[in-house]
Structure formats: C-alpha cells, structure tokens
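Worksheet: the structure to be examined is printed underneath.
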Amino acid sequence: MRRYKKLLGLHFIIGLLIIGIVGCSPSESKEEVNMEDLPEMGDFSKELTLHLSGSFTQGKIEDDNWVQKKLEEMFNIKIVNTKSNTWNTDEVSLMVASGDVPDTFSFTAGNQTSKQLYDGGVTRTIPREMIEKYAPLYSELIDENVPGWEMNLAPDTEDQYLNLTGYQGHTAGILWAPTFRLDWLENLGIDPPGEITPVGTEGGLERMYFTDGAYTLEEVEKILHAFTYDDPDGNGKDDTYGMLPYNNQLHWMNTLMGAHGVAAGYNLMENDKLISAEISEKYKDGLKLLAKWQDMGVVDPEWTTIDVETSWEKYKQGKTGYFTAQRSYIAMEEWTKTRAPQNLIASNPDAKILVTAPEIGPNGQQGQGAWMPVTLLGDAFHISSKVTDEELARILQVFDYINHDEDSRWTIYGEVGTHSEWQGTPEESSLIVKDEFPFEEGNMGFNAYNFRTYPGERLKWLTSEKTLELMDKFFAKPEVVEKMAIRPYRYDLFNETKGEELTKRYSGQLNTIVEEFRMRAIVGEIDVDKEWDAYVEKWLKNGGEQVLEELEKAPKVSDLLGE
Amino acid sequence: MVVLKDNANKQQRKQKKWLEIKKMRSFYLMLLIPMLMLFLFSYGPMYGILIAFKDFSPGLGIWQSPWNNFEHFKRLFDDYLFIRALKNTIIISLLKIIISFPAPIIFALLLNEITHDKFKRITQSISYLPHFMSWVILSTMIVEVLSPERGIINFFIGLFGGDPVHFLASKTAFIPMLIITDIWKEIGYASIIYLASMASIDTALYEAAEIDGANRFHKMIYVTIPSIMPMIIILFILRLGSILNAGFDQILNLYNPLVYEVADIIDTYVYRAGLEQFQFDYATAVGLFKNVVGITLILVANTIIRRRSEHGIW
C-alpha cells in the first residue's frame, strides 16, 4: 500500500511538472516561411479565428459589435475580442506573465520593449516577404520613411521584424507651450511678447491668443510673482498662485528645463562626457530655479501631492495663472476639453489665455524634448508567438486595411454623417464621433482593432483645423523644430546594445533616486549645491554607470538624423 | 495463530472504517469540493514560486527558464533602496500593531458598554462604512481633508492662528497620518469579531462579579477582557504573520517622492522596480522572502505563547 502511495505521489508530481512545462513551453520559431504554402493576397476562402486587440483596447468591447461584423464578413474571419484593458499595467503584466496574449496587441501600459517580448517568447517575428506581399500599403510607408526597414529587425536577421511600426505624424514638431492668464496680465499691466493673435473667432478660441514671441525666464519669474502677490484677479484676496505643477508627470517643466537646454529622460554631452539629463549641470540649474520659485511662494504648495487631473481641476477654479499646455489643448480639440487651459475658457467667459513660444533661458536657449527621439516611425504592433504563418497572412491584410487604407475610416469613426461629423470643413478638419455612440469600443467597436499610426489623411481626421494651423504657423515649422526640439545625444534606434536589459534592471532604483532628489530639491528640503555630488554618485553607483557605459555603444542621434 | 488473529482484526477494522466512510459519504463528497478548491487555487500555484530562483521568461515557461543562482535574493540585499523599504515596512507595521491592533478591542469594549441600543447600532454602522470603500476613493477624500489650502483640518489650524501643515508631504506627519487613517478605516469592521466574542460570554460571570461588588469597569477588566483573550491572541499571532505587509494600497495611493524616505515599503518599491518593469521573477523572490519571514514569526509567536499560556493557534 505504501508503495502505491509513493507511486501515486510521484505520478502526481510528474503530472504537475508536465502541465507546467507544456503549459508554458515556447512555440516554434517562426523564422522560416514557405510563401508557396500560403494563400494569395485577397484569398479569404478559409475561415480563420483571430484573437484581435489594438492600441486602444481597454476591455470595453462588446461582442458582435458593428465594426467586428463588417470585418468578419470582409476577411472571412471570426474575431475573438480582447476583454482585457491593455492600458492597465496589472492586466498587461498578467497577460504577459501567463503568455496568454491576444494574436495582435500594442500595449499602452507597461514598458516592455519588442525585443524583451520576443526574447521572452511572447511574440513572433514577421518576415519581410510576408509584409511586402500582404501589407503593401504599410510596406510603402516604411519604404518612404527613414530609417524604414532598418528599424525593428530581429536579432541576427536581415528580413525578420520584431513588430509592425507606426507613423507618429501627430508627434511631429514641438508639442508644448507655456500659457498665461492674459486677463491677469492686462490687469497687472504686463505686455505680451511679440504680436498676439486669437487662435480662432468662436467657441472660446477668440479668447485664446498666440504669439511666437517668448518671455525670458527672468520675465516669467516677475510675472509669477505678480500673479501670486499683486491680486491679478482683482478680488481683493490673496488667493492666487503663479504656477501649479503636478507630481505624476513632468510635462509642467518641459519648457522650463528646455530653457536650460535639457530634456528629462534624454542623454547629452557635458564636459566631453556622455551623461543622463538628470545628472547634468543644466538640469541642476533648472532645479535651482524651480527651488527659488518655490521659496518665493509663487508655486502652489499642494503640487507635491496632486496629479495632473487634479491640477487641471484646480486650474479651472481660476487660482493659477501659468500652465504648460499641448498645442491641441490650445486649439481646444474635443478630446482635451477637461484639460487646462481649455477647461477655464469654457467655464469662465471673462478668462483670456496667452500662449507663447517656450521661455528663453540664460543662454538664449529655448525648447523642449522632442516627442520622438529620432524618427517619426514608432510604437509597436506585436504578433503573438502562437500565430501561424497562415493566420499572420490574414492579420497582415486586416492590419494593412484598417490602418493604412483610407476606405477603412469607418473602423474609427463609423459612417460620417450617421455616426460622426466633421468638426469644421469636410475632409479638412477632424472627425468627431457623435455623443450617442461610444468613442471607442462598446457596441460599435470603433478603434477596437486599430493601431496608433497616423500616416496621410489620418492625421487630419484626428487633428482639428486649428491645431494644423498652429503647426503650420509655429509648432511644426522646420526652423522652429530645428532650433527648439531637444534630442538625445545617443539613441539605440536599432536595438544594438543591451541598454534595454540594463534599464529594466536598474530603472526602479534610478527613477526613485531621481524623483526623490527632484522633489526634495524643489521644495527646498535640501540644498541642491551641497547635495548634488552625493546625488550624482548615488545615481552612478546604483546602475547609472552601467547604463551610460552601454549607451556609449549606441549611435549618435546627429549621425542618425544625417543619414 | 496470533498472526491470523491480527490479520482478522485488521480486516475488521478496515471494514468498520469503510462502513463509516460509506455512511458519511455525502459529507466526504462535500469536503471534496473545498479540498479541490484549496488544491487548485492555493497549492497548485505554489509551483510558480520556482520563478523566484530563475530568470523567468514567459515564453520559455516556468520550468525551462534558466536557474539564476539566487541572483534575485542577492539583489534584494545589495539594493540600499530595498533595505530602506524593509526598514520602513517593519517600522510602519510595528506601529500599526502597537497602535492599530488594540484600537478595535478598545472600541468593542466601549461599544459593549453602551446600553442605548439605537445609538449603539448607529455608531456601529457608521464605523463600518470606511471599510467598504477602497483606498483609491478614501485617498481622494484624505487628500481633500488634509489639503493645506482647502482641507478642513488646516482650516481649524488656521482658526487658531497656526500655519497650514502639508501632512502628506511631511515626513514627520505622514506616518501618524497613515496610522490614524488605517484605524479610521478598519476600527468598526475589525471590532465585529470581538463584539461577537463578547456576546458569547456567560452572563452568569457578570452576575457573579456584580454580587462580589464589581462595578462596570471591574467587570470589563476582570470578565470581558479575559474572556476574549484567546481571540485577541489568535488575531495577534496572525497579524504578526503579515508584519511585512504594511498596507500597500493605502501607501501607494497616498505617498509621493517627498516621503519615500519614511513611507516607501517593500510592496511599493517592488511595484515600481519589479512589476512595472515586468520583473515577475524579482517580485516573486520578494514575495517569497516576505512569506518566509511571516510564517517564521507566526511559528515563533505561537510557540512562545503556547509555552506561557494555554492559548495559541494550534
């Protein structure tokens, strides 16, 4: 009996291990593909079941939605919807850890790179031959945009790709600008820099003024002081502040750091040495200025405990006169209506906003970190390692259609006139989904399977006429971009270094060191000059040194841009 | 001859056992379901602990991922931020044990003394409410209440001529604030078990005490507290087991880099350095470390208490 028990126990353990091994085994490598075995382009005779997901999937999709049914019919596929929220780090972690990812995905949450996902066996490679055959519009896009096919190559291959990439047309140019309460400036008798013109003529845009002139940091300091202490709203109370940052993002300091010639998150050369922005002297100068402003009392002290959404709400109450905003907020695009400064314009008919070019720093520097470090090709659409070549052929055709064929506009906006309307001039302005339909997913399925890519006309559907005008006028003008977009000195565009692995390993430590120092420095808990060397040393000793060493192996951005 | 008799006895005992099992088969069947659940959801996943000792790759799976020579555990103790987080965890947890743990006991004792039924019920209901709200919601309320500009607390401080205190950004105020809000959230719900325990105390004990001249305070000290002591001890030992859980949800929703030095606990640090970076193996190693410390503390505390009294978990 005892022997039987032992045997039973042994079988049980072996069974468990087999379940574990089989359940978690990686799928076969997909690097070899026989094109002759695959159906021709447009041959949808065999029905396939595909588990689809896209950049916008947030688990709100309803089965048999309007887009799904049309796609199923067009491509003879049965779509299994992804009910998980790909914008939620915990859900994404769970999917990746279990290997249970949909056939196609582009996670918004989580920061695992394509190479990490591939090395982890979560994704498969995509052969160039298949891309060219089944996604001709995408191939054309890659042909036309530098560095095109050189990007996203799988390790040790010349024609296998880690992902499908997007064209981030919406990030072209510079994005951010400082904004000031113009009615307050007028009350205080402060002149705007340069010539100001209203962004539009109605809907609040007539109270939103833009100038390509800029204040210097000294002038901004004086304005913030006046906003705080000189009763700019004339209510007889000391209840206003110059500026209101927030603690969960760094956009509020983009242009202020830009005026010092540095962009957080990027690297630069200083004293002939490659360093990270966060340990540079320029960054230190930026911190010292912010600390000075905090000490002057012109920064709302609550900023350390509130996030960006709360700060928008506080801004709406009219207690702050300075806020950094994206060009689309200035153009009052529909999707930005809860954000500052548009929310104030909508709620206070007397409010007027002045938008200026980024502030000018002590050395005449002005600008901000470029959204994309080198190229406008970016973001990643992945294919699960479970996908067969036959399924991939069909996925590529669906992908090419919904993301690159202009006839597929209905997958995002439905039928224009029925489900959505042009915001302004037809075909020249952005498209707005009507209130009675869900903006994304739901029973209509808009954006449920699309990727974040905006080539050609797609940028217009997404971007209002006013934003496009602002881009033409200033934000995307080549000379402005050249002068004001701050790029990293080196960047591993082609995954040639082990930088990603090191970043993954050390970013928790390094981010903590940086965040803690930044906030303590600004609120005046520490003396920046006195603590600086110890902070840099701590950063270097806790993984920073290794990260920088590896970064030395990456190409220079100036060379990449030159090429 | 003896051997035959022994065999016959064994056979008889077996038959008797079998008959008993047969008679109770419906109960055994009922037991099967929780056993299966326990196996599937509690013991089955323990296989995943293996990744704490491996460089886990989801594609390779648990078994095929390479062993890494305890690298994650070495990393834990090489990382000064982890050591700081460990220290903070123990401090916060101990403070919660010392201050928060007795709070529901005292609250239950006081509630037990209230004779006005309606008032008692209303007090209980109000005290339960915060337990049913998540820290995400509560933290928004706390941020508002403690706001240096709009918060009611600072309003009263201002009335008495004081300067506003930024509680959530102050290293000295943050930990007391954590303890107070933790008590506020859990005091009502945690007191239920003690109230239930008090309800089962034999009323004859109180009558006897009364005859001996005990007043209400004496009865509380000499009857109620000793009667609920086994329950207090069991809950205390279990609380010790989770000493390395200092309140992830609460801290994550309330802290900021200004208070990392005192408030960054193991769970929040690992969330930032491990899970957000998809380092499941590292996060598992930390989880395992926490569990080993927890079970050790439970064993030690239980042994000490068993030796010194008749109470304990087992």
Side-chain angles (χ1 to χ4, degrees), chain A residues 16-17 19-27 89-90 92-93 95-101 109-112 116-123 239 241 247-248 300-302 304-306 310 314 319 385 503-509 511-520 523 525 538 541-542, chain B residues 43-44 46-48 50-51 55-65 75 78-82 84-85 139-140 142-144 146-151 164 166-171 254-261 264 268-284:
Chain A
L16 262 185
L17 292 179
I19 291 167
I21 294 163
V22 172
C24 303
S25 290
S27 54
T89 311
D90 294 340
V92 166
S93 295
M95 278 197 275
V96 172
S98 64
D100 191 20
V101 292
N111 51 4
Q112 251 201 345
Q116 284 163 350
L117 288 166
Y118 175 69
D119 288 344
V122 179
T123 58
D239 60 350
Y241 282 105
N247 72 0
N248 63 332
D300 185 328
E302 210 178 8
T304 54
T305 50
I306 60 173
T310 317
K314 280 196 82 174
K319 303 293 178 199
S385 56
T503 305
K504 182 181 162 189
R505 164 72 174 81
Y506 292 113
S507 61
Q509 284 156 249
N511 289 344
T512 303
I513 293 168
V514 168
E515 282 173 13
E516 214 169 344
F517 188 81
R518 180 174 55 233
M519 216 179 248
R520 294 180 71 196
V523 303
E525 251 189 43
K538 197 192 280 181
K541 273 189 175 168
N542 283 279
Chain B
Y43 289 95
M46 283 173 84
Y47 170 64
L50 274 182
I51 70 170
D55 280 330
F56 176 63
S57 157
L60 290 174
I62 295 174
W63 193 246
Q64 289 187 354
S65 294
R75 180 180 157 190
D78 280 349
D79 181 351
Y80 89 98
L81 287 169
F82 178 81
R84 183 178 78 176
S139 64
T140 316
I142 293 166
V143 168
E144 282 305 305
L146 298 180
S147 160
E149 281 197 329
R150 308 176 305 282
H166 201 172
F167 294 96
L168 294 170
S170 154
K171 279 201 274 283
L254 288 170
Y255 80 159
N256 61 72
L258 275 182
V259 292
Y260 276 176
E261 202 174 316
D264 197 18
T268 51
Y269 179 59
V270 168
Y271 182 75
R272 295 198 313 277
L275 289 178
E276 282 195 338
Q277 304 301 323
F278 286 75
Q279 296 185 69
F280 310 114
D281 37 17
Y282 179 62
T284 308

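The chains referred to below are lettered A, B, ... by the order of the sequence lines, with proteins before strands, and numbering in each begins at 1.
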**OP:** Could you go through the side-chain contact (heavy atoms from CB on, under 4.5 Å) check for B:Phe280 and A:Val96 one step at a time?
**Re:** CA-CA 10 Å; B:Phe280 310 114; A:Val96 172; 4.2 Å; yes
Original post:
Side chain, backbone, both or neither: which part of A:Asp239 has an atom under 4.5 Å from a heavy atom of chain B?
Top reply: neither
**OP:** List the steps, then state whether salt bridge (Lys or Arg N to Asp or Glu O under 4.0 Å) holds for A:Glu525 with B:Lys171.
**Re:** CA-CA 11 Å; A:Glu525 251 189 43; B:Lys171 279 201 274 283; 2.7 Å; yes
Original post:
Side-chain donor-acceptor pair under 3.5 Å between B:Tyr260 and A:Glu515, yes or no?
Top reply: yes
Original post:
What part of A:Lys541 lies closer than 4.5 angstrom to a heavy atom of chain B: side chain, backbone, both or neither?
Top reply: neither
Original post:
Above 12 or not: heavy atoms from other molecules or residues under 6.0 Å from NZ of A:Lys314?
Top reply: yes
Subject >> Residue part contacting chain B, namely of A:Val523, when any heavy atom lies under 4.5 Å >> reply: side chain
Subject >> Minimum heavy-atom distance between A:Glu516 and B:Glu261, given as atom pair plus value >> reply: OE2-N, 3.6 Å
**OP:** Could you check which of B:Phe56, B:Tyr282, B:Tyr80, B:Tyr269 has the highest count of heavy-atom pairs closer than 4.5 Å to chain A?
**Re:** B:Tyr80
Original post:
Can you name the nearest heavy-atom pair linking A:Pro301 to B:His166, along with the distance?
Top reply: O-CE1, 3.1 Å
**OP:** Could I get the full list of ring-ring contact (aromatic ring centres under 6.0 Å, His included) partners for A:Tyr241, not counting sequence neighbours?
**Re:** none
Original post:
Counting heavy-atom pairs under 4.5 Å to chain A, which of B:Gly48, B:Pro257, B:Ala169 comes out on top?
Top reply: B:Pro257
Original post:
Can you tell me how far CG of B:Asp79 sits from OG1 of A:Thr512, rounded to the nearest 0.5 angstrom?
Top reply: 8.5 Å
Original post:
Which atom pair, heavy atoms only, marks the closest approach of B:Ser57 to A:Gly121?
Top reply: OG-N, 4.4 Å
Original post:
In terms of heavy-atom pairs under 4.5 Å, which option from B:Leu258, B:Leu168, B:Val143 contacts chain A the most?
Top reply: B:Leu258
Subject >> Top contributor to chain B interface from A:Leu117, A:Asn248, A:Asp300 [non-hydrogen pairs under 4.5 Å] >> reply: A:Asp300
Original post:
So does A:Lys319 pair up with B:Glu149, basic N to acidic O under 4.0 Å?
Top reply: no
Original post:
Checking heavy atoms, do the side chain of A:Asn542, its backbone, both or neither come under 4.5 Å from chain B?
Top reply: side chain
Original post:
Which value, rounded to the nearest 0.5 Å, describes the distance between A:Ser93 atom OG and B:Tyr271 atom OH?
Top reply: 7.5 Å
**OP:** Could you pull out the closest heavy-atom pair between B:Pro58 and A:Ala97, with the gap in Å?
**Re:** CB-O, 4.1 Å
Original post:
Heavy-atom distance under 4.5 Å to chain B: side chain of A:Arg518, backbone, both or neither?
Top reply: neither
Original post:
What pair of heavy atoms forms the shortest contact from A:Thr304 to B:Asn256, and how long is it?
Top reply: O-CB, 3.5 Å
Original post:
Within a strict 4.5 Å, meaning less than it, do heavy atoms of the B:Arg272 and A:Asn511 side chains meet?
Top reply: no
